[in-house]
Q: 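The following block contains the structure, expressed as structure tokens.
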Protein chains: 2
Amino acid sequence: MSWAERVLNTLSVHGHRVTGPRRAILEQIMHYSQPFSAEQLFRDLGGVGGPIGRATIYRTVDLLLGDGWLSRVHWRAAREASNGHDHAYVAVEQGLRHHIVCRNCGVVVAIAGEQIDVLASQSAEHAGFIYETCSLELYGICPTCQLR
Amino acid sequence: MSWAERVLNTLSVHGHRVTGPRRAILEQIMHYSQPFSAEQLFRDLGGVGGPIGRATIYRTVDLLLGDGWLSRVHWRAAREASNGHDHAYVAVEQGLRHHIVCRNCGVVVAIAGEQIDVLASQSAEHAGFIYETCSLELYGICPTCQLR
DNA sequence: GTTGGTGCAAACGCTTTGCACTTGG
DNA sequence: CCAAGTGCAAAGCGTTTGCACCAAC
């Protein structure tokens with residue numbers, strides 16, 4: 001079952017509707033290997049005059065973000081890779097909340113984070129906090145860019 | 001030497017000027033214990049008609065961000081704590097790049113991250129990347145809020 | 001005296017909103 | 001059926017920019 005299908009199933013279970021625009025948006029998101037912006041999504045889905053309105057894009061991105069299906073990336077390198085837009089998003093695979101972004105080409109690779117989660121929860125407790133969640137963004141140069 | 005003084009020294013060394021507005025902005029930032037937005041900074045420094053223009057706030061925040069003196073926080077909880085504005089910033093103490101944010105009151109505590117950095121660099125290498133840097137945001141409930 | 005920094009106000013562009021229409025369940 | 005979802009276009013608003021003036025070094 002693909003990421004898009006999993007998202008649709010969950011939406012359905014949560015009482016949301018599985019609509020054409022949502023299918024199209026999810027499908028498009030799956031094709032990205034780099035952080036993308038809402039505007040870029042809009043453009044790639046047909047832009048002005050296309051079948052999907054801007055508002056729907058933003059509302060859907062918000063929905064996905066709220067349910068943890070998307071993660072925001074906001075460092076300069078990531079933003080630049082995403083055409084200069086301020087907010088870039090990355091699809092989140094189950095259990096792979098963390099990711100590493102290439103500062104050169106912007107490609108994103110999800111990484112397993114059990115150890116990170118453990119370490120994070122320990123750090124939180126050390127500060128007296130009740131740990132809830134964390135988000136880690138790594139930056140570096142990907143294998144492909146290293147060869148150039 | 002305070003954070004503001006350290007920042008000013010570094011700016012000076014880098015060929016930037018130590019001006020009144022910059023002093024005021026740095027001073028104000030030191031007073032925050034929660035993530036703050038550019039707009040909030042502008043308001044707290046006098047707002048419209050005040051001694052410092054909006055443009056200066058934004059330009060300075062950008063400068064500080066670029067040199068790593070500020071860190072961006074962008075999760076919903078943090079944003080809400082920061083009056084609903086999209087971008088929230090946190091002053092970065094030397095070596096304490098990571099921080100934990102209380103989901104309830106928004107208070108921020110810096111945390112040491114040697115272990116996190118080590119783990120991050122290992123994860124990056126495991127993915128074939130040349131590690132450069134990382135940013136970790138933890139979320140939880142602070143000691144004070146736990147008592148309520 | 002230079003040149004980087006600043007303030008102002010207008011321009012920008014991403015995001016949100018109101019409302020009538022459409023559609024999924 | 002009917003509430004959730006959508007499209008459109010306008011409004012909103014945080015952020016950037018151009019330009020003349022000012023002040024740090």
Q: Below the 4.0 Å mark, does D/dT15 have OP1 or OP2 next to a side-chain nitrogen or oxygen of B/His87?
A: yes
Q: Given atom CD of B/Gln40 and atom P of D/dG14, what is their separation to the nearest angstrom?
A: 12 Å
Q: For the pair made of NE2 in A/His14 and P in D/dA4, what is the distance, rounded to whole Å?
A: 16 Å
Q: Heavy-atom nearest nucleotide on DNA chain C for B/Gly49 versus B/Gly15: which residue maps closer to 5'?
A: B/Gly15
Q: Just by distance, do the side chain of A/Gln34 and the backbone of A/Cys105 share a donor-acceptor pair under 3.5 Å?
A: yes
Q: With a 4.0 Å limit, can you tell me whether B/Tyr58 has a side-chain N or O closer than that to the phosphate oxygens OP1/OP2 of D/dT15?
A: yes
Q: Rounded to whole Å, please give me the gap between CZ in B/Arg54 and C1' in C/dG5.
A: 19 Å
Q: In whole angstrom, give the distance that lies between atom CZ of B/Phe42 and atom P of C/dT6.
A: 14 Å
Q: I need the CG-P distance between B/Leu11 and C/dT3, as an integer number of Å.
A: 20 Å
Q: Return yes if some donor-acceptor pair links the side-chain N/O of B/Ser12 with the main-chain N/O of B/Leu8 below 3.5 Å, else return no.
A: no
Q: Quick one: what's the B/S/- string for nucleotides 19-25 of chain C, heavy-atom cutoff under 4.0 Å, read 5' to 3'?
A: ----BBS
Q: What is the distance, rounded to the nearest whole Å, between atom CD of A/Glu39 and atom P of D/dT15?
A: 17 Å
Q: Does a side-chain N or O of A/Arg22 approach OP1 or OP2 of D/dG5 to a distance below 4.0 Å, or not?
A: yes
Q: Measure from CD1 on A/Ile57 to C1' on C/dT17 and round the result to the nearest Å.
A: 17 Å
Q: Tell me whether A/Leu65 shares a hydrophobic cluster with A/Tyr32, the cluster being built from Ile, Leu, Val, Met, Phe, Trp, Tyr side chains joined at under 4.5 Å.
A: yes
Q: Sub-3.5 Å donor-acceptor pair from the side chain of A/Glu132 to the main-chain atoms of B/Arg103, do we have one?
A: no
Q: Apply salt bridge (charged side-chain N to carboxylate O under 4.0 Å, His left out) to B/Arg6 and B/Glu93, showing your working.
A: CA-CA 10 Å; B/Arg6 259 178 282 132; B/Glu93 290 299 329; 3.5 Å; yes
Q: Do B/Phe36 and B/Ile29 touch side chain to side chain, with heavy atoms closer than 4.5 Å?
A: yes
Q: Can you tell whether the side chains of A/Glu137 and B/Arg72 come within less than 4.0 Å, N to carboxylate O?
A: no
Q: Choose from D/dT6, D/dT17, D/dT15 the nucleotide whose nearest atom is closest to any side-chain atom of B/Ala55.
A: D/dT17
Q: In this structure, how many angstroms lie between the P atom of D/dG5 and the CD1 atom of A/Ile52, rounded?
A: 15 Å
